[in-house]
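All figures in this text were calculated on a predicted structure; none of them were measured in a lab.
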Amino acid sequence: MSRVIDDVAAAVNHLFDIPETMEKFTTPSRSPHQETNKSKGVSSIPVDILDSPKEYIFFMDVPGRTKSDIQVTVEDEKTLVIRSNGKRKREDGEEEGCKYIRLERRVPHKLLRKFKLPEDANVSAISAKCENGVLTIVVEKLPPPAKPKTVEVAIF
C-alpha cells in the first residue's frame with residue numbers, strides 16, 4: 001500500500017511539474033498503517049513551500065492561533081514538525097445573557113504537520129514567526145560541498 005502512495009505522489013509531482021527537490025517535502029511522512037488513535041482528530045495544516053537559493057520557506061495559515069499556541073521542532077535530525085494543541089478562543093458577548101446562535105468558524109483543536117528536510121537543510125539555523133494568522137518558517141540551506149580537487153601526481 002505504501003508503494004501505491006509513493007507512486008501516486010510521484011505521478012502528482014510529474015503532473016504538476018514539481019521540481020525534484022520539492023518531492024522530498026511532498027512524499028508522505030508515514031504509511032497508513034502507522035495511523036493511531038493518537039493521530040485521530042488531528043488536522044493537517046495546508047502549506048506553501050518556497051525553495052530559494054539560500055533557504056526553504058514554509059508558509060502556513062493558522063487563524064486564531066498565537067505564537068504561544070504553536071510548536072516548531074526538529075525530530076530525528078531531519079524531520080521538521082509543526083504542531084498546535086491550542087484552540088481558538090471565541091469572542092464572548094459583552095452583555096450577560098449573550099449566546100451564539102451560529103458557530104461556523106471552527107478550527108480543529110490539534111494541528112500537526114511533518115516534513116522530511118533535504119540533506120542541504122541546516123537544522124541548526126531554523127527560524128519561525130507568527131504574524132496575522134500566518135506562520136512562516138525559514139530553514140537555511142547548507143553551502144554546497146566543496147568540489148573535490150584533482151591533483152596530478154608525477155610518475156617517476
Side-chain angles (χ1 to χ4, degrees), residues 1-2 5-6 8-13 15-144:
M1 182 71 160
S2 178
I5 292 172
D6 291 342
V8 169
V12 168
N13 292 338
L15 178 66
F16 291 105
D17 195 29
I18 296 174
E20 199 173 299
T21 58
M22 297 311 291
E23 282 184 29
K24 295 174 184 165
F25 293 119
T26 59
T27 305
S29 60
R30 64 178 181 241
S31 71
H33 302 294
Q34 291 175 321
E35 294 292 327
T36 63
N37 289 337
K38 187 174 159 183
S39 64
K40 287 183 181 175
V42 174
S43 206
S44 180
I45 307 168
V47 177
D48 294 337
I49 304 171
L50 176 65
D51 182 4
S52 76
K54 295 186 178 186
E55 58 200 8
Y56 298 104
I57 305 172
F58 296 73
F59 299 98
M60 291 158 252
D61 292 334
V62 288
R65 301 281 192 320
T66 63
K67 64 182 179 182
S68 60
D69 295 331
I70 300 167
Q71 210 178 29
V72 178
T73 58
V74 176
E75 295 176 354
D76 302 324
E77 297 181 21
K78 285 290 184 180
T79 303
L80 179 67
V81 180
I82 301 104
R83 65 173 50 98
S84 173
N85 292 327
K87 61 181 185 179
R88 186 171 69 185
K89 296 175 180 69
R90 294 189 180 123
E91 296 81 17
D92 292 326
E94 293 187 17
E95 296 178 30
E96 193 172 314
C98 292
K99 65 179 181 179
Y100 281 97
I101 56 173
R102 181 179 295 241
L103 291 173
E104 293 182 352
R105 300 181 311 135
R106 295 184 186 210
V107 175
H109 296 301
K110 295 181 181 182
L111 300 171
L112 176 67
R113 194 69 191 261
K114 293 184 179 187
F115 299 93
K116 182 175 179 339
L117 296 172
E119 290 300 316
D120 66 345
N122 185 353
V123 295
S124 61
I126 297 176
S127 62
K129 69 177 180 175
C130 187
E131 289 182 336
N132 300 323
V134 177
L135 176 65
T136 304
I137 300 170
V138 178
V139 181
E140 290 183 17
K141 291 182 179 180
L142 293 168

Restricting to pairs with a member in residues 52-61, which pass salt bridge (charged side-chain N to carboxylate O under 4.0 Å, His left out), not counting sequence neighbours?
none

Sequence neighbours left out, what passes side chain to side chain donor-acceptor pair (under 3.5 Å) with D48? Give chain and number order.
none

Run the side chain to side chain contact (heavy atoms under 4.5 Å, CB included) test on I137 and S127 for me, step by step, so that the C-alpha distance in whole Å, both residues' side-chain angles and the decisive distance to 0.1 Å come before the verdict.
CA-CA 6 Å; I137 300 170; S127 62; over 6 Å; no

With side chain to side chain contact (heavy atoms under 4.5 Å, CB included) as the criterion, how do K114 and E75 come out once you've worked through the C-alpha distance, each side chain's angles and the decisive distance to 0.1 Å?
CA-CA 9 Å; K114 293 184 179 187; E75 295 176 354; 3.8 Å; yes

Gap between atom CZ of R83 and atom OG1 of T73 - 0.5 Å precision:
5.0 Å

Taking atom NZ as the centre, does K67 end up with more than 12 heavy-atom neighbours from other residues, nucleotides or ligands that are less than 6.0 angstrom away?
no

If we ignore hydrogens and angles and just use 3.5 Å, is the side chain of K129 paired with the main-chain N or O of V134 as donor and acceptor?
no

Sorted by chain and number, sequence neighbours left out, side-chain contact (heavy atoms from CB on, under 4.5 Å) with V47 holds for I49, F58, M60, R113, F115

Contacts of type salt bridge (charged side-chain N to carboxylate O under 4.0 Å, His left out), residue E77, not counting sequence neighbours
none

What is the distance from atom CG of L117 to atom CG of N122, rounded to the nearest 0.5 Å?
10.5 Å

Sequence neighbours excluded, which residues qualify as side-chain contact (heavy atoms from CB on, under 4.5 Å) partners of K99?
none

Any side-chain heavy atom of I57 sitting closer than 4.5 Å to one from T136?
yes

Distance check, rounded to the nearest 0.5 Å: I126 atom CD1 versus L80 atom CG?
5.5 Å

Derivation of the salt bridge (charged side-chain N to carboxylate O under 4.0 Å, His left out) call for D76 and K116:
CA-CA 10 Å; D76 302 324; K116 182 175 179 339; over 6 Å; no

Do L50 and Y56 touch side chain to side chain, with heavy atoms closer than 4.5 Å?
no

Taking the side chain as C-beta and beyond, is there a heavy-atom pair between V62 and I82 under 4.5 Å?
no

Go through the structure and list residues passing side chain to side chain donor-acceptor pair (under 3.5 Å) with S68, not counting sequence neighbours.
T66

Look at the side chain of S84 and the backbone N and O of D69, then say whether any donor-acceptor pair between them is shorter than 3.5 Å.
yes

D120 side, atom CG; L142 side, atom CG - distance, nearest 0.5 Å
6.5 Å

